[in-house]
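Computation of the quantities below employed the complete heavy-atom set of this structure, encompassing side-chain atoms and omitting hydrogens, waters and symmetry-equivalent molecules. Treat the numbers as computed from the prediction; the structure is a model and nothing was measured.
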Amino acid sequence: MRRLIPPLAVALALAGLLTPAPPAAAMVQSPPHRMECDSDRGGRICTVVWTGNPRPHQVEEFTATVRSGDQVWARETIYSSTGGARTRPFLLPEHQVTVDATVKSLPEKQVGTPLRLMAWNLFVGGTINGQEKTGENLRQMIEYLNEVDPDVLFVVEGYGSGQKILDGLNAGRPAGERFSAAQLTKPADYSVNGDNLWLYTKLKIEKVYPRYADADITSFNLGGARLGLPNGEHVHAFSMWTWHEISANWDTHEAAVQNLYGQPRTKTDEQLLDDDRFRRVAMGRAILEKALPSFIGDDDAPVLMGGDLNAWPHLDWTEQFKNARGHAGMVLPWPLTKMFTDAGFVDTFRYANADAGRYPGRTWSSLSGYRSAPARTDYVFTRGADVRVLGSRTDDRRLSRHQGSALDETYPFYSDHSAVVTDVVVRGEGTGPDRPIVREEPENAPGVWPATPAGTPVPPTELSATATTFKPGVGDPLRAVDGDLTTDYHSNYPEIAPQPHFVTVDLGRVRDLSAVRFQPKLRYDMNGTVLKGVVQVSDDGTTFRDVKRVEWPRMTAPNDVDMQGVAARYVRLRVDYGMGGASALAEIIPYEISR
């Protein structure tokens, strides 16, 4: 069921939710539009709908922005020849919002050139850091790239696979759809791998920019080309990478855990920001203030950039999102990405997915696990008044036809980095979007942290635990029921017993259970994090019955299992698969029905 919210002036009077949009600029109309909200979800999942009349040989550029003050919660640009448009659903915040909407009519052949942009770190050329030696992962990676079918592909860590990727992209392609490539990193710039950065494109490469080097960056960090558009105009495209050491990934995860559990902080907020200042800020300054001007000069054509910055997005860590999952109350104006914003660049993922709580866009790491704080380190940036961002998504899962393969369980994606895919239109001559726009799905993983389960937690002093495999001392199963989140159970290593592994908790007596919380270990090293298993119960510790089969994300957030009043003395987790073939848990917390 949907509740229709009428046009804005009426909505303000009836619901107190909205304030009217400001007057539209010249040549741009403020169209009749409304919000539709889903009453089945408390009226908070909404869309903006515009209904007009189609005009022969015209295309309407409809834009909508949902904001409260200077906080943007949703925005979208849609090209329509049907006289109407509907934004994708957004989560209405718990305070008054303004919906700014405009529509501009364009001749159908003067909309612009659609481009699909993609940035991806290939983790040593698709070899998963050299661990996958059969070539199967690279073969699947190329199939995935062909499925995405980008017009411009920014590659980091080409490392020996650059020509194979080009050949794979062009296999069977018609002449008008073939890719060209520029190997941007020169062998002299790095003693081990001489081809870090590549640029692939279906556009014409008019000029590859010369090697740039100074005290802070070389062609290992930045390279690019001028690309010709079908309408005779051009864009500038650059692949980039900045320094990976002293990363925010570990420090911010640790800070989030410490904030969430009231522990003393190892690093202050300002010390977290210092991680960027170690080398990355100097690299960013060299890119923005020296290298780019030397390539582009005063040419105001659009600039497209993509790559792995190993730095976090300042737009995600504002006051607006300090209570988003994993942010733990922190406001962190990350200096490197702020430099790009200050230089006029648009972070296309966050522009298209304005709500950082609903769309965290994690790009690190589908392989080693998503920690407490959402790490987004990979970007597609654009600059230029004629560039319209239509949609952006991150990919971190193999294609369905590749799932279930020998690689899939250990390596759920083709790289340790998610790929970032963005659709844009460069305004001007051209008929505009010619395929479905990419969309990010709201994150459906458990929140960091979910609400405490119903019931009363069984005191740790009344619990004991055993396991079929454990590391003596540091991994004792008693650590999973000691009430201390800084200790954890871990299966034995380096000798790893084959799974399944069993961890059994003795509740001391038969109890009516409301839920059991399984808390993954909270260390940065997520080896052993349980991904698949079965929760079982027993009255005598010998005969167990299944309660629920579980499949959990590669995250440090707690996983809660509803026990629905099951009576038992023993709770057992059968670990069918844990990361690295191991098993680890910080705590197992049973909750019994409150009387």
> Under 6.0 Å between the ring centres of F321 and W73?
Replying inline: yes
> Under the criterion side chain to side chain contact (heavy atoms under 4.5 Å, CB included), which of L184, V155, N221, V152 is the partner of S239?
Replying inline: L184
> When rounded to the nearest 0.5 angstrom, what distance separates CG in L153 from NZ in K202?
Replying inline: 11.0 Å
> Does the T201 side chain pair with the main chain of D151, one donor and one acceptor, at a distance under 3.5 Å?
Replying inline: yes
> Side chain of T337, backbone of H314: donor and acceptor closer than 3.5 Å?
Replying inline: yes
> Within the side chain of T394, is there an N or O that forms a donor-acceptor pair under 3.5 Å with the backbone of T363?
Replying inline: no
>> Please evaluate residues N249 and T377 with respect to the criterion side chain to side chain contact (heavy atoms under 4.5 Å, CB included), reporting the C-alpha separation (whole Å), side-chain torsions for both, the decisive distance (0.1 Å), and the verdict.
In response: CA-CA 9 Å; N249 294 340; T377 64; 3.9 Å; yes
>> Once rounded to the nearest 0.5 Å, what's the spacing between atom OH of Y212 and atom CG of L222?
In response: 9.5 Å
>> When you compare the side chain of H57 with that of K109, does any pair of heavy atoms fall below 4.5 Å?
In response: no
>> Within the supplied structure, the quantity of interest is the number of heavy atoms (other residues, nucleotides, ligands) at a distance under 6.0 Å from K267 NZ; does it exceed 12?
In response: yes
> Which residue pairs pass the salt bridge (Lys or Arg N to Asp or Glu O under 4.0 Å) test with at least one member in residues 305-319, sequence neighbours excluded?
Replying inline: D316-R350, D316-R376, E319-K322
>> Ignoring hydrogens and geometry beyond distance, is a side-chain donor-acceptor pair present between N353 and R88 at under 3.5 Å?
In response: yes
> What is the ring orientation for Y144 with W120, classed by angle as parallel under 30°, tilted 30 to 60°, or perpendicular over 60°?
Replying inline: perpendicular
>> Donor-acceptor check, side chain of R362 to backbone of W364, threshold 3.5 angstrom: yes or no?
In response: no
>> On a heavy-atom basis, which atom in A74 and which in A354 lie closest, and how many Å separate them?
In response: N-CB, 3.8 Å
>> Between R439 and E441 (salt bridge meaning N to carboxylate O under 4.0 Å), is one present in this structure?
In response: no
> Can you tell which of V303, L117, D347 makes a side chain to side chain contact (heavy atoms under 4.5 Å, CB included) with T382?
Replying inline: L117
>> Check whether R554 reaches the backbone of L367 with its side chain - one donor and one acceptor, N or O, closer than 3.5 Å.
In response: yes
>> Using every non-hydrogen atom in the two residues, find where T556 and L522 come nearest and quote the distance to one decimal.
In response: O-CD2, 3.8 Å
> Under a 4.5 Å cut-off applied to non-hydrogen side-chain atoms, are W312 and T252 in contact?
Replying inline: yes
>> Which heavy atom of P313 sits nearest to which heavy atom of Y379, and what is that distance?
In response: N-OH, 3.1 Å
> Rounded to the nearest 0.5 Å, how far apart are CG of D100 and NE2 of H33?
Replying inline: 8.0 Å
> Taking the six-membered ring for Trp, are F238 and Y209 parallel (under 30°), tilted (30 to 60°) or perpendicular (over 60°)?
Replying inline: parallel
> Does F295 reach the side chain of H236, with side-chain heavy atoms less than 4.5 Å apart?
Replying inline: no
> Within the side chain of R86, is there an N or O that forms a donor-acceptor pair under 3.5 Å with the backbone of T47?
Replying inline: no
> Quick check: does any side chain N or O of T87 sit under 3.5 Å from a backbone N or O of V48, one acting as donor and the other as acceptor?
Replying inline: yes
>> For I287 and M339: C-alpha separation, side-chain torsions, deciding distance, then whether side chain to side chain contact (heavy atoms under 4.5 Å, CB included) applies.
In response: CA-CA 10 Å; I287 289 170; M339 290 172 61; over 6 Å; no
> Where does the angle between the aromatic ring planes of F381 and F340 fall among parallel (under 30°), tilted (30 to 60°) and perpendicular (over 60°)?
Replying inline: parallel
>> To check you understand the geometry: which heavy-atom pair defines the closest contact between A256 and S372, and what is its length?
In response: CB-CB, 4.3 Å
> Shortest non-hydrogen contact from W50 to G83?
Replying inline: CH2-C, 3.9 Å
> Any side-chain donor paired with an acceptor under 3.5 Å for S366 and S418?
Replying inline: no
> Mind checking whether L92 and M35 have side chains closer than 4.5 Å, heavy atoms only?
Replying inline: yes
>> Looking at R371 and Y524, would you say the former's side chain and the latter's main chain have a donor-acceptor pair under 3.5 Å?
In response: yes
>> Can a donor-acceptor pair be found, under 3.5 Å and without considering hydrogens, that links the side chain of R427 to the backbone of V111?
In response: yes
> Looking at CD of E157 and CG of D416, how far apart are the two atoms once the value is rounded to the nearest 0.5 Å?
Replying inline: 7.0 Å
Donor-acceptor pairs under 3.5 angstrom involving side-chain atoms of residues 227-235: please list them, not counting sequence neighbours.
| residue | atom | partner | partner atom | Å |
| --- | --- | --- | --- | --- |
| N231 | OD1 | E233 | N | 2.9 |
| N231 | ND2 | E429 | O | 3.0 |
| H234 | NE2 | D299 | OD2 | 2.6 |

> When rounded to the nearest 0.5 angstrom, what is the spacing between CD1 in I246 and CZ in F278?
Replying inline: 4.0 Å
> Is the gap between the ring centers of H402 and Y414 under 6.0 Å?
Replying inline: yes
> How far does OH of Y200 sit from CD1 of I165, to the nearest 0.5 angstrom?
Replying inline: 4.0 Å
> Can any side-chain N or O of D423 pair as donor or acceptor with the backbone N or O of V438 at less than 3.5 Å?
Replying inline: yes
>> Give me the atom names and distance for the closest heavy-atom approach of S105 to R55.
In response: OG-NH1, 3.0 Å
>> Can you confirm whether or not the ring centre of F123 sits under 6.0 Å from the ring centre of F413?
In response: no
